[in-house]
Amino acid sequence: MGADSRDGSPPREEGELVRQRREKLARLRDAGRDPFRITRFERTHLAAEIRDGFESLEGSEARVAGRLVAQRRHGKATFADLQDVSAKIQLLFRVDRLGEERYRGLNDLDDGDLLGAAGTVLRTRTGEITIAVSDFTLLAKALRPPPEKWHGLRDVEIRYRQRYLDLIANEESRRIFTVRSKVIRSLRRFFDERGFLEVETPMMQPVPGGALARPFITHHNALDIDLYLRIAPELYLKRLIVGGFERVYEIGSVFRNEGISTRHNPEYTLLEAYQAYADYRDMMELVENMVAQAASDALGSVQLAWEGHEIDLSPPWRRARMFELIEDAAGVAADQLETAEQAREVCKRLELPAEENLALSTMLNNIFEGLVQPSLIQPTFVTDYPTAISPLAKARADEPKMAERFEPFIAGIELGNAFSELNDPEEQRRRLAEQAQSRAAGDLEAHPMDEDYIRALEYGMPPTGGLGLGIDRVVMLFTGAASIRDVILFPHMRPPAGG
RNA sequence: GAGCCGUUAGCUCAGAUGGCAGAGCACCGGACUUUUAAUCCGGGUGUCCUGGGUUCGAAUCCCAGACGGCUCACCA
């Protein structure tokens, strides 16, 4: 890999291609035509507007601007493709229309340059909608050549580190981030239409609560206190429910100091929503309607093609109790999974870890993650998680060991987490005290005690349903992206070598 | 954190057995007034990721390191 193509360090020796482009720029400046002195360009149409409105635009004048992405020179006529935010459009330069001198100005242009052009809308004899250029202006010189036009930019490291190049070169990448934006817009509209208030709560928190995860630690100098980047906004949003905002939601980054994988980025986008006087069943209806709406808005369909499967997002989604799914997968009845010894035998048979020191809950979880989860292709709400691992969720009245909680799965991916919120302050205190004990015993992901949160509950929180949804994963599902990094514009990377 | 794989021209990629560093696109020069991966003729523009080592000789073999990808582990 030559020069500075993949790291962030200053360029070393410049290549021939860059040198040539600098010389062209210098010539333009010497001629008093420095493109970087231009401040604006009056554009009348986007490329897509000309394409879509061709019938009424044919023969009229248009002014377009964008990036020059291809040139086809034929002596006294030249075709070029101009890419703007909406689409590509072909330009036709003819010496008899531009004059010798302006036509020679094409020699100053390179692929990658930003160009403004004015001309007449027409269709060539091969049917291509084209602007026959009467005047053009270089609006910015690209001193570095763009990636190759046919193969695009494949190198994933450069695609992530220099996302602008990925976006220039790869239509699919532009599509993914457009879908992402549409999904988020759809979610906002969905909640706004249902009377939810969008709020912003602290990203830096003195107590990192609302989830079970390791936080990033930072320091506030003036206050001389450590703060934690939030792992979830949950406890603040529920304080707002106490305050009387009966429906609130927040879409924003959360930060978890954990491993990176195709499904995990240390910084990711979480949607959380809380609705007073509702429970986890209401949250299920909310989720299935919301995701179906988002797919419809962003993709125009509630059917998704996913690795050979047709996924149908239309409500209602399947509901299934976690233990029933485990029983089915393990091929045994519930009473055969009540002790660690029984579970160990089952795990052995299923070729899952079965060491002597494994706890019952760990083995059940392994069965779920190993056998059940990959099979949950069609949308499924998995319900009834153990209360012991759900410290903020209300326990089932008829079965206190189980929480009123569910996680939505699609395409084998866990998309979120939701429950009937625990609003009994005394019970909440007991649960967090237990967690704090585990924490003291070394479990860095146990939930910390939060006295102010409990105090808030003591003022009275209505019964409330709450929801968290991983937006990045939804976008992965919608776009078929294989890695979460493909749906995050600037994913975290190790600093480049020599940078 | 572990295992496996990768890193060669601006980009996409070839380079068995160690023996002058290659192709396509891009670029430069020339021809060409309706092409659209334009075509035709001519031209190779390079820290072969980095640092050691083996060797007469290393892109190639060995060691160490950097960065990336995948799988696993932790997690959403």
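Chain identifiers are assigned alphabetically (A, B, ...) following the order of the sequence lines, protein sequences preceding nucleic acid strands; residue numbering begins at 1 within each chain. This structure is a prediction, so every number in the text was calculated from the model and none was measured.
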Item to complete: Assess whether one donor atom and one acceptor atom, taken from the side chain of A:Gln90 and the base of B:U35, lie less than 3.5 Å apart.
Response: yes
Discussion item. For B:A16, does the O4'-C1'-N9-C4 or O4'-C1'-N1-C2 angle fall within 90° of 0, making it syn, or is it anti?
Written reply: syn
Discussion item. What is the distance, to the nearest angstrom, from the NZ atom on A:Lys149 to the C1' atom on B:U35?
Written reply: 11 Å
Worksheet item: With respect to the side chain of A:Glu148, which nucleotide from B:C28, B:C74, B:U12 is positioned closest?
Response: B:U12
Worksheet entry | Polar side-chain atom of A:Asp155 near backbone of A:Ile158 as donor-acceptor pair, under 3.5 Å | yes
Discussion item. Between B:C25 and B:G44, how far apart are the two C1' atoms, rounded to whole Å?
Written reply: 14 Å
Worksheet item: Using a cut-off of less than 4.0 Å, is there contact between a side-chain N or O of A:Lys24 and OP1 or OP2 of B:C28?
Response: yes
Discussion item. For the backbone of A:Ala213 and the side chain of A:Glu445, can you confirm whether one donor and one acceptor N or O come within less than 3.5 Å of each other?
Written reply: no
Worksheet item: How many Å lie between CZ on A:Arg263 and P on B:A73, as a whole number?
Response: 12 Å
Item to complete: Taking atom NZ of A:Lys24 as the centre, report whether more than 12 heavy atoms of other residues, nucleotides or ligands fall under 6.0 Å from it.
Response: yes
Fill in: B:U47 and B:U8, which share atom name P, separated by this distance in whole Å
12 Å
Practice prompt. Can you figure out which of B:C28, B:U12, B:U33 approaches the side chain of A:Gln20 most closely?
Written response: B:C28
Item to complete: List the steps, then state whether side chain to side chain donor-acceptor pair (under 3.5 Å) holds for A:Asp486 with A:Tyr160.
Response: CA-CA 8 Å; A:Asp486 293 325; A:Tyr160 296 156; 2.8 Å; yes
Response to the item:
Across every strand shown, the nucleotide meeting Watson-Crick or G-U wobble geometry with B:C49 (both distances under 3.5 Å) is B:G65
Discussion item. Only pairs with both distances under 3.5 Å count, Watson-Crick or wobble alike; so what is the partner of B:U17 in this structure?
Written reply: none
Discussion item. Below the 4.0 Å mark, does B:C11 have OP1 or OP2 next to a side-chain nitrogen or oxygen of A:Arg154?
Written reply: no
Worksheet entry | Any strand: nucleotide that pairs with B:U60 via Watson-Crick or wobble, under 3.5 Å | none
Worksheet item: Below 6.0 angstrom between ring centroids: does that apply to A:Phe368 and A:Phe323?
Response: no
Worksheet entry | Partner nucleotide, any strand, of B:C11 [Watson-Crick/G-U, under 3.5 Å] | B:G24
Item to complete: Round to the nearest Å and state the distance from A:Glu23 atom CD to B:C27 atom P.
Response: 16 Å
Item to complete: Between A:Val156 and A:Arg123, name the one whose nearest nucleotide on RNA chain B is closer to the 5' end.
Response: A:Arg123
Discussion item. What is the distance, to the nearest angstrom, from the CG atom on A:Leu122 to the P atom on B:U35?
Written reply: 14 Å
Fill in: Pairwise C1' distance for B:U54 and B:A64, with rounding to whole Å
15 Å
Worksheet item: Over how many whole Å does the gap from A:Arg161 atom CZ to B:C49 atom P extend?
Response: 17 Å
Worksheet entry | Distance-only donor-acceptor test, A:Arg72 side-chain atoms vs B:U39 base atoms, 3.5 Å | no
Item to complete: May I ask you to check whether A:Phe191 and A:Tyr249 place their ring centres under 6.0 Å from each other?
Response: yes
Discussion item. Measure CG/A:Asn365 against C1'/B:A76 and give the value in whole Å, please.
Written reply: 13 Å
Worksheet item: Less than 5.5 Å between centroids and less than 30° between ring planes, does A:Phe79 satisfy that with B:A38?
Response: no
Fill in: Comparing A:Ala70 and A:Arg485 on RNA chain B - which has the more 5′ nearest nucleotide
A:Ala70
Worksheet item: Within a reach of under 6.0 Å around CD of A:Glu100, are more than 12 heavy atoms found that belong to other residues, nucleotides or ligands?
Response: no
Worksheet item: When the distance from CZ of A:Arg73 to C1' of B:U39 is rounded to whole Å, what number comes out?
Response: 15 Å
Discussion item. My understanding is that a pair needs two contacts under 3.5 Å, Watson-Crick or G-U wobble. By that rule, which nucleotide pairs with B:C70?
Written reply: B:G3
Discussion item. Does a side-chain N or O of A:Thr130 approach OP1 or OP2 of B:U34 to a distance below 4.0 Å, or not?
Written reply: no
Worksheet entry | A:Ile158 CD1 - B:A9 P separation (whole Å) | 10 Å
Discussion item. Taking only the P atom of each, what is the distance from B:U17 to B:G52 in whole angstrom?
Written reply: 24 Å
Item to complete: Counting heavy atoms from C-beta on, name the nucleotide in B:A76, B:G68, B:G10 closest to the side chain of A:Glu414.
Response: B:A76
Worksheet item: If you measure from the P atom in B:G10 to the same atom in B:G3, how many Å do you get, rounded?
Response: 34 Å
